[in-house]
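See structure below.
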Amino acid sequence: MSHNENLSAFNAWEARVAEQNRRVDHLICEEFASMPHIGDHPPRSRRRFRMRKSLFLRIVAAVTENDIYFQQRRDATGRKGLSSLQKCTGAMRVLAYGTSTDAQDEYLRMSDTVTRDSLIRFVEGVISCFSQEYLRRPNEDDLRRLLHVGDERGFPGMIGSIDCMHWEWKNCPTAWAGQYAGRSGKPTIILEAVASYDLWIWHAFFGTPGTCNDINVEEREISFLLKSWVELGCEWG
């Protein structure tokens, strides 16, 4: 083939790839399109991605600016790579649904390796961009505000609500099965979280053995909150 024929074939191939990426991006945008409420059914974006469109796009913009990996670039052959929406959507779907990394190939045209790398970098990017604002311990002002709100609502001394969820540990070692066996008789690990009235999660811990009941978990959380309060040099009440 002549040089002109090779160039024409390459341009045609690049156009097909660009059109494919455009369609994938359009498909992702459709997932976050505003839909009218029908009864009690949530919009499509919140049902499939567990968050609003504006929040997702904010995370995508922050992660893309923080890490060049999510920025769409050309490879050595001049071919455009995957867009930031594709990579972030693949990572978010794995986090939201717990699916395997190779399950995104048909939907997003992403290989298992790319999805796994996107997932790791996405989590690292979220921690890097939002840890100082959201992944922090409550300070003195936060605790005073929460106590004030709790007192106004008839719960003096209340900082937040605690909830626990038992996750089954399918591959639990046999030697540890008795220690982690919960009420169902199967090994479980407890995910515990403390959230305030505004749905702000102030504390979360995953790893408590399933043999612990709610009272044991509550005692652990009270110790944590008291320690935070004392470290700030505040008086209780």
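- By the 4.5 Å heavy-atom criterion applied to side chains, Ile127 and Glu124 are not counted as neighbours.
- Ala62 is linked by a side-chain contact (heavy atoms from CB on, under 4.5 Å) to Cys129, Phe130, counting only residues two or more places apart in sequence or in another chain.
- Closest of all the heavy-atom pairs between Ser118 and Ala91 is O-CB, 3.9 Å.
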**Request:** Show your working on side chain to side chain contact (heavy atoms under 4.5 Å, CB included) between Thr101 and Val114 and close with a plain yes or no.
**Result:** CA-CA 9 Å; Thr101 54; Val114 174; over 6 Å; no
Contacts table for residues 151-170: side-chain donor-acceptor under 3.5 angstrom, sequence neighbours left out:
from   : atom 1 : to     : atom 2 : distance (Å)
Glu152 : OE2    : His148 : NE2    : 2.9
His166 : ND1    : Thr188 : OG1    : 3.2

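- The closest side-chain heavy-atom distance from Ile190 to Phe206 is not below 4.5 Å.
- The side-chain hydrogen bond (donor to acceptor under 3.5 Å, both in side chains) check on Thr211 picks up nothing, with sequence neighbours excluded.
- Sorted by first then second residue, the salt bridge (Lys or Arg N to Asp or Glu O under 4.0 Å) pairs that include residues 194-207, not counting sequence neighbours, are Arg145-Asp198.
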**Message:** Apply side chain to side chain contact (heavy atoms under 4.5 Å, CB included) to residues Thr89 and Gln86 and explain how you reach the verdict.
**Reply:** CA-CA 5 Å; Thr89 301; Gln86 286 176 269; 6.0 Å; no
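- The two residues Ala193 and Ile201 come nearest to each other via the heavy atoms CB-CG2, 4.4 Å.
- Placement of Leu191 and Leu95 in two distinct hydrophobic clusters is found when ILVMFWY residues are connected by side-chain heavy-atom separations under 4.5 Å, directly or transitively.
- Residues satisfying the side-chain hydrogen bond (donor to acceptor under 3.5 Å, both in side chains) test with Arg58, not counting sequence neighbours, are Tyr134.
- Contact annotation: the side chain of Trp176 never approaches that of Pro209 to less than 4.5 Å [non-hydrogen atoms, C-beta and beyond].
- The environment of Gln132 atom CD is sparse: at most 12 non-hydrogen atoms of other residues, nucleotides or ligands sit within 6.0 angstrom.
- Judged by distance alone, the side chain of Arg116 and the main-chain N or O of Thr113 form no donor-acceptor pair under 3.5 Å.
- Using a 4.5 Å cut-off on side-chain heavy atoms (C-beta onward), Phe122 and Lys87 make no contact.
- For Leu199, the side-chain contact (heavy atoms from CB on, under 4.5 Å) criterion is met by no residue, not counting sequence neighbours.
- Cluster membership check: Leu135 does not share its hydrophobic cluster with Ile120, using side-chain heavy-atom separations under 4.5 Å among Ile, Leu, Val, Met, Phe, Trp and Tyr.
- Contact between Gly207 and Tyr180 at its shortest, heavy atoms only, is O-CE2, 4.2 Å.
- Under the 4.5 Å side-chain criterion, counting only non-hydrogen atoms from C-beta, Asp142 is not in contact with Trp200.
- Of all the heavy atoms in Gly185 and Ala181, the pair that sits closest is O-CB, 4.2 Å.
- For the atom pair SG (Cys88) and CG (Leu82), the distance works out to 11.0 Å, reported to the nearest 0.5 Å.
- Put simply, CG on Asn139 and CZ on Arg144 are 11.0 Å apart, with the number rounded to the nearest 0.5 Å.
- The two residues Ser84 and Val60 come nearest to each other via the heavy atoms OG-CG1, 4.0 Å.
- Note on Ile189 and Val194: separate hydrophobic clusters, where clusters join Ile, Leu, Val, Met, Phe, Trp and Tyr whose side-chain heavy atoms are under 4.5 Å apart, directly or indirectly.
- Residues satisfying the side-chain hydrogen bond (donor to acceptor under 3.5 Å, both in side chains) criterion with Asp67, sequence neighbours excluded, are Arg121.
- For the side-chain contact (heavy atoms from CB on, under 4.5 Å) test, no residue two or more places apart in sequence or in another chain qualifies with Glu65.
- Scored by the side-chain contact (heavy atoms from CB on, under 4.5 Å) test, Ser128 finds Asn66 as partners (sequence neighbours excluded).
- Screening residues 63-87 for ring pair (Phe, Tyr, Trp, His ring centres under 6.0 Å) gives no qualifying pairs among residues at least two apart or on separate chains.
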